[in-house]
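Presented below is the structure to which this report refers.
Start at 1 and go down the list; that is how both ligands and their atoms are numbered. Quick caveat, the model's predicted, so the values are computed rather than measured.
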Amino acid sequence: MASHTILVTGAAGFLGSHLCDALLAEGHTVLGVDNLSTGNTANIDHLSAEPRFRFLEQDITRAFDPGRVDYVFNFASPASPVDYTRLGIETLLVGSAGTINTLDLARKYNAGYLHASTSECYGDPEVHPQVETYWGNVNPIGPRSVYDEAKRFSEAAVMAYHRYHGLNTRLVRIFNTYGPRLQASDGRVISNFMIQALREEPLTIYGDGSQTRSFCYVSDLIDGILRLSRSNEHLPVNIGNPDEWTILECAREVLAVTGSRSEIVLMPLPPDDPARRRPDITRARTLLGWEPKIALREGLERSLEYFRSSVAFA
Ligand SMILES: NC(=O)c1ccc[n+]([C@@H]2O[C@H](COP(=O)([O-])OP(=O)(O)OC[C@H]3O[C@@H](n4cnc5c(N)ncnc54)[C@H](O)[C@@H]3O)[C@@H](O)[C@H]2O)c1
């Protein structure tokens, strides 16, 4: 890609900050936007001396115009169950008004647009593994609906701007991703287990631990997203690691990597917790030539230092 001016919303978050790093490494100029509701400037502090990076503190649910941009990556949204439960209305708003505002911006400057959607669009799936053509099994009024339905509205909005206005859009359905800068106490599986293990506290499993998840290391995810941004695919593409782990197996991997002697305890399952999640990545393989490279054990090892320092500074 030639050098472009790129807007990244959610830039102070886990994925947004890694995306900014990758885009800067490719030679682009990056404008990072974030309202710091769940993000942290610590994730982008290392970019403060970078002349091609600028940060704008801005709530994207309010219309804004930072000037000409060539591409918009829309990553702003509370993402962990702890955050979107606490910020339910804000989550609905960022996935509706926020998405429309960023689509309008892309339209104004005739910019490309990539939206960070989610495997949560599939809800508690009846189709396994999940293919992009599956419409999902989502409870529209349950506690997770503030997130799931906002993300489904965003997908509808992105497709509408593509169909009605010819906007050059992309939709990535991200499956569980982890790595350095994942919020330490946000209730997601890997962060919970790593922090509990490093503190020698019991690892809490909700349910009997037989529910499965797939975990994608962050560098693999960013590679897939950059490939998608350069492709001509307008329909959703799953990006995630199809290696399926039970939550119990994952807890054991974390114990092995951290060398922790923590025990594993079982807690009641929260409502609407999906039983199985695994991406079918045939489309990503075929369209983008993309494949995850980092296995769970290696990804956990690469994340260990980060979680160690999170525990030390907590
Ligand atoms: N991490 C994952 O496994 C995963 C999986 C599926 C989808 N996603 C999606 O990827 C995106 C990034 O997720 P993440 O894991 O980095 O979460 P994160 O919470 O670390 O980052 C989200 C960022 O968005 C910002 N934000 C929230 N509302 C905003 C608003 N109104 N205006 C401006 N900024 C706002 C937050 O302050 C935060 O910095 C989200 O859209 C999320 O839904 C993530």
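Residue contacts with ligand 1 for Ser117 involve N, CA, C or O but no side-chain atom from C-beta outward (heavy atoms, distance under 4.0 Å). By the criterion of a heavy-atom distance under 4.0 Å, neither the backbone nor the side chain of Glu120 is placed next to ligand 1. At a heavy-atom distance under 4.0 Å, only backbone atoms of Leu36 (N, CA, C or O) approach ligand 1. Under 4.0 Å from ligand 1, heavy atoms of Thr177 appear from its side chain as well as its backbone.
Of all protein heavy atoms, the one lying nearest to atom 32 (N) of ligand 1 is Ile60 N, 3.0 Å. The protein heavy atom nearest to atom 41 (O) of ligand 1 is Lys151 NZ, 2.8 Å. Counting only heavy atoms of the protein, atom 20 (O) of ligand 1 lies nearest to Phe14 N, 2.9 Å. Annotation: atom 16 (O) of ligand 1 to nearest protein heavy atom, Leu15 N, 2.8 Å. Nearest non-hydrogen protein atom to atom 38 (C) of ligand 1 is Thr38 OG1, 3.2 Å. Scanning the protein for heavy atoms near atom 1 (N) of ligand 1, the closest one is Arg188 NH1, 2.8 Å. Nearest protein neighbour of atom 40 (C) of ligand 1, counting heavy atoms only, is Phe75 O, 3.3 Å. The protein heavy atom nearest to atom 14 (P) of ligand 1 is Ala79 CB, 3.9 Å.
Atoms CG and OG1, on Asp243 and Thr212 in that order, are 11.5 Å from each other to the nearest 0.5 Å.
When Val189, Asn35, Val8 are ranked by how near their heavy atoms come to atom 30 (C) of ligand 1, first place goes to Asn35. Considering only non-hydrogen atoms, atom 39 (O) of ligand 1 lies nearest to Asp34 out of Asp34, Val94, Thr99. With distances taken over non-hydrogen atoms, the option nearest atom 24 (O) of ligand 1 out of Ala12, Ser77, Cys216 is Ser77.
Considering every non-hydrogen atom in both Leu203 and Gln196, the closest pair reads CA-OE1, 3.2 Å. Taking both residues in full, the closest heavy atoms of Leu198 and Arg308 are given as CD1-N, 3.6 Å, listed atom of the first, atom of the second, then distance. Taking every heavy atom of both residues into account, Pro292 and Ile281 meet most closely at CD-CD1, 3.7 Å. Across all their heavy atoms, Thr258 and Ala197 have their closest contact at OG1-CB, 3.5 Å.
For the pair Gly13 and ligand 1, the shortest N or O to N or O distance falls below 3.5 Å. Geometrically, ligand 1 and Gly39 share a nitrogen or oxygen pair separated by less than 3.5 Å.
Although no hydrogens or angles enter the test, the distance criterion places no donor-acceptor pair under 3.5 Å between the side chain of Glu155 and the main chain of Arg152. Asn238 places a side-chain N or O within donor-acceptor distance of the main-chain N or O of Asp280, the cut-off being under 3.5 Å.
Under the 4.0 angstrom criterion for non-hydrogen atoms, Tyr178 is not in contact with ligand 1.
Side-chain contact annotation: Asp21 with His46, donor-acceptor N/O pair under 3.5 Å present.
Close contacts between ligand 1 and Ser37 involve ligand atoms 26 (N), 27 (C), 28 (N), 36 (C), 37 (O) [criterion: under 4.0 Å to a heavy atom]. Short contacts between ligand 1 and Gln183, defined as distances under 4.0 Å to a heavy atom of the residue, involve ligand atoms 19 (O). Distances below 4.0 Å separate heavy atoms of Tyr147 from the following atoms of ligand 1: 7 (C), 8 (N), 42 (C), 43 (O). Below 4.0 Å from some heavy atom of Gln58 lie the following atoms of ligand 1, by number and element: 32 (N), 33 (C). Shown in contact with Asp59 at under 4.0 Å from a heavy atom are these atoms of ligand 1, numbered in order with element: 30 (C), 31 (N), 32 (N). The ligand atoms of ligand 1 that sit less than 4.0 angstrom from a heavy atom of Asn176 are 3 (O).
Note on ring orientation: taking the six-membered ring where Trp is involved, the planes of Phe175 and Tyr122 are tilted (angle from 30° to 60°). Taking the six-membered ring where the residue is Trp, Phe55 and Phe53 present parallel rings, their angle staying beneath 30° rather than reaching 60°.
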Query raised in the report: Tyr134 and Glu126: side-chain hydrogen bond (donor to acceptor under 3.5 Å, both in side chains), yes or no, with the steps?
Result: CA-CA 9 Å; Tyr134 176 50; Glu126 296 136 320; 2.7 Å; yes
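The residue from Leu19, Asn74, Ile225 that alone fulfils the side chain to side chain contact (heavy atoms under 4.5 Å, CB included) condition with Leu114 is Ile225. If you run side chain to side chain donor-acceptor pair (under 3.5 Å) between Glu244 and each of Arg277, His128, Arg213, only His128 comes through.
The aromatic ring centroids of Tyr161 and Tyr113 lie 6.0 Å or more from each other.
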